[in-house]
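Quick caveat, the model's predicted, so the values are computed rather than measured. Below, read A as the first sequence line, B as the second, and so on, with proteins coming before strands; counting in each chain starts at 1.
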There are 2 protein chains.
Amino acid sequence: MDGVRQSPGVEGGAQPGDGLSAVLVDDHPVVRAGLRAMLSEDPKIRVVAEAADGKAALDVVARLVTEGLRPDLVLMDLQMGEGMDGVAATRQLRQQCPGLPVLILTTYDTEADILAAVEAGASGYMLKDAAPEEIHRAVHDAAAGRTALAPAVAARLMGRMRDDSTSLSTREVELLELLATGLSNQQIARQLFISVATVKTHLVHIYQKLGADNRTAAVRVASERGIIRA
Amino acid sequence: MDGVRQSPGVEGGAQPGDGLSAVLVDDHPVVRAGLRAMLSEDPKIRVVAEAADGKAALDVVARLVTEGLRPDLVLMDLQMGEGMDGVAATRQLRQQCPGLPVLILTTYDTEADILAAVEAGASGYMLKDAAPEEIHRAVHDAAAGRTALAPAVAARLMGRMRDDSTSLSTREVELLELLATGLSNQQIARQLFISVATVKTHLVHIYQKLGADNRTAAVRVASERGIIRA
DNA sequence: GTGCCGGTCAACCGTTCGGTTGATGCCCTG
DNA sequence: CAGGGCATCAACCGAACGGTTGACCGGCAC
């Protein structure tokens, strides 16, 4: 198992206009099988290749392109056990193949994940608990160049905009991430090239915004709300 | 969508001996579709029903039993967004239908999850990144009353046994879980009906065993090693 | 420009945490 | 039964944390 697999019949050729050709990237065989089955319900969608991690995805897409079989979109998982991360793969894919839509399909809807994916150039963000119809629609939307966001994801992004009292500044999120790694105020200060006093100031603000009364609770709340990744 | 779905053709009857009838429990339609597709490759296995959460699983199994179509095993996810938890569902299922094997099929291999599942009476623990053949084998093993453990899971359980210096006592894990919720030593003490002094003693031991120098770091290490759930 | 917000820093103080030592009781294994 | 591991508790002390007040500066909006 090399992590790359082309579906049989790829060589048949992908005439433009005869449907959408998609590449699946997910480290779980079960999920790939599920997506394949789910997408096969839509006659307009064809899965032309699969990959089990980011690196393999880049390879297989490159191979398809050199063969003149440029896919219409990539369905990408974010969390992949080994090998290249989904965000990194998305970023590189967007560099190698500008215009190739990457639709993220993952389990988690943390703020950090979503923002990272959007920043990396993802054209959509769906959750795995979505119904088949939603996924079909998202695939068509993404392939057509439209943005496809799951309701929960859109809501979270909206929530980030409006609620001022709960929204952390970028600096605060940055600090929070270091906090989650177990660093002391001293270490955080050194890491960010600021004084311990500043760290404490930020922490107080973070506690207020998250409704926590100590660092561990803050990390927990942030993790639950999806502000940082567990 | 009520979370319960019976596959068409169930009424046809399940003659004993004509294969294994399985019930799928997972909140992700994608995963259910993948398992269905994956299991359908084995002609000996038939998926007779599905459920999207623990409560629905209990209902659908009860219905099957009253119809005289007692399934041969249940494939259960642990993490389910809404509704009853997989561990709780497994426990109740084992009470309602003793002898009905429950094979856990989940994404995470944390010590806490595995131990909880085993304690609840699961007869196997597989990870979703398993190959189709492994899952087939696990299903047959579980249905035959044998224990089916994924290699990584078995290794983790082994690791828990051998490495004395790194293995935490049950009490320590219990404390660690409260620690991860952001409670102070005071609060932990009250929660466990012990004194703050005892909490501190446990913490020191935990720090030693995990190689951490403070509570936040301990939580992080424990989370990374899969001792507690993120 | 005035005001506001984000980020930076300092000094202070009470509380909690981190770590040590030492001690008791329990259960299990050798 | 002796030993060891586990869980419990107490007292102690220095260090870190939690929280406050007050201050400075740069950018941005009004």
Visitor: Are any non-hydrogen side-chain atoms of B:L178 and B:E174 less than 4.5 angstrom apart?
Guide: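 No, side chains not in contact.
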Visitor: Quick one: list whatever passes salt bridge (Lys or Arg N to Asp or Glu O under 4.0 Å) with A:K55, sequence neighbours left out.
Guide: A:D59
Visitor: Has B:N185 got a side-chain N or O lying under 4.0 Å from the OP1 or OP2 atom of C:dC17?
Guide: yes
Visitor: Which residues satisfy the side chain to side chain contact (heavy atoms under 4.5 Å, CB included) test with B:S123, sequence neighbours excluded?
Guide: B:P101, B:A142
Visitor: Output all residues satisfying side-chain hydrogen bond (donor to acceptor under 3.5 Å, both in side chains) with B:N185, sequence neighbours left out; order by chain, then residue number.
Guide: B:R215
Visitor: Choosing from D:dG19, C:dG19, C:dC17, which nucleotide comes nearest the side chain of A:V204?
Guide: D:dG19
Visitor: In whole angstrom, give the distance that lies between atom CG of A:L183 and atom C1' of D:dA16.
Guide: 14 Å
Visitor: Determine, for nucleotides 4-15 of chain C in 5'-to-3' order, which nucleotides have protein heavy atoms under 4.0 Å from the base (write B), from only the sugar-phosphate (write S), or from neither (write -).
Guide: ---SBBB-B---
Visitor: Residues two or more places apart in sequence or in another chain: which of them pass salt bridge (Lys or Arg N to Asp or Glu O under 4.0 Å) with B:R190?
Guide: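 None.
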Visitor: With a 3.5 Å cut-off and no angle check, do the side chains of B:T198 and B:T201 form a donor-acceptor pair?
Guide: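 Looking only at side-chain atoms, B:T201 and B:T198 do not form any donor-acceptor pair under 3.5 Å.
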Visitor: Which whole-number value in Å describes the distance from B:Q187 CD to D:dG18 C1'?
Guide: 14 Å
Visitor: Could you tell me the separation between the CG atom of B:L203 and the C1' atom of C:dT16, rounded to a whole number of Å?
Guide: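 Atom CG in B:L203 sits about 12 Å away from atom C1' in C:dT16.
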Visitor: I need the CD1-P distance between A:I206 and D:dG19, as an integer number of Å.
Guide: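 These atoms are roughly 12 Å apart.
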Visitor: Listing request: all side chain to side chain donor-acceptor pair (under 3.5 Å) pairs with a residue in residues 83-103 of chain A, at least two apart in sequence or in separate chains.
Guide: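 Qualifying pairs, neighbours excluded: A:R91-A:E119.
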Visitor: Output the rounded distance in Å from CG (A:N214) to P (C:dT16).
Guide: 11 Å
Visitor: Counting only side-chain N and O atoms of B:Y207, is one of them less than 4.0 Å from OP1 or OP2 of C:dG19?
Guide: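 The answer is no; no side-chain N or O of B:Y207 sits under 4.0 Å from OP1 or OP2.
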Visitor: Please give, in whole Å, the distance from C:dC17 C1' to B:L179 CG?
Guide: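 Atom-to-atom, B:L179 to C:dC17, this comes out as 11 Å.
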Visitor: Could you name each residue pair satisfying side chain to side chain donor-acceptor pair (under 3.5 Å) that touches residues 126-138 of chain B, not counting sequence neighbours?
Guide: B:D26-B:K128, B:D77-B:K128
Visitor: Using five pairs at either end of the helix from C:dG1-D:dC30 to C:dG30-D:dC1, determine the angle between the two local helix axes and round it to 10 degrees.
Guide: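 Both end axes considered, the difference amounts to 40°.
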Visitor: To the nearest Å, give me how far apart CZ (A:R215) and C1' (D:dA15) are.
Guide: 13 Å
Visitor: Which residues satisfy the side-chain hydrogen bond (donor to acceptor under 3.5 Å, both in side chains) test with B:D72, sequence neighbours excluded?
Guide: B:S21
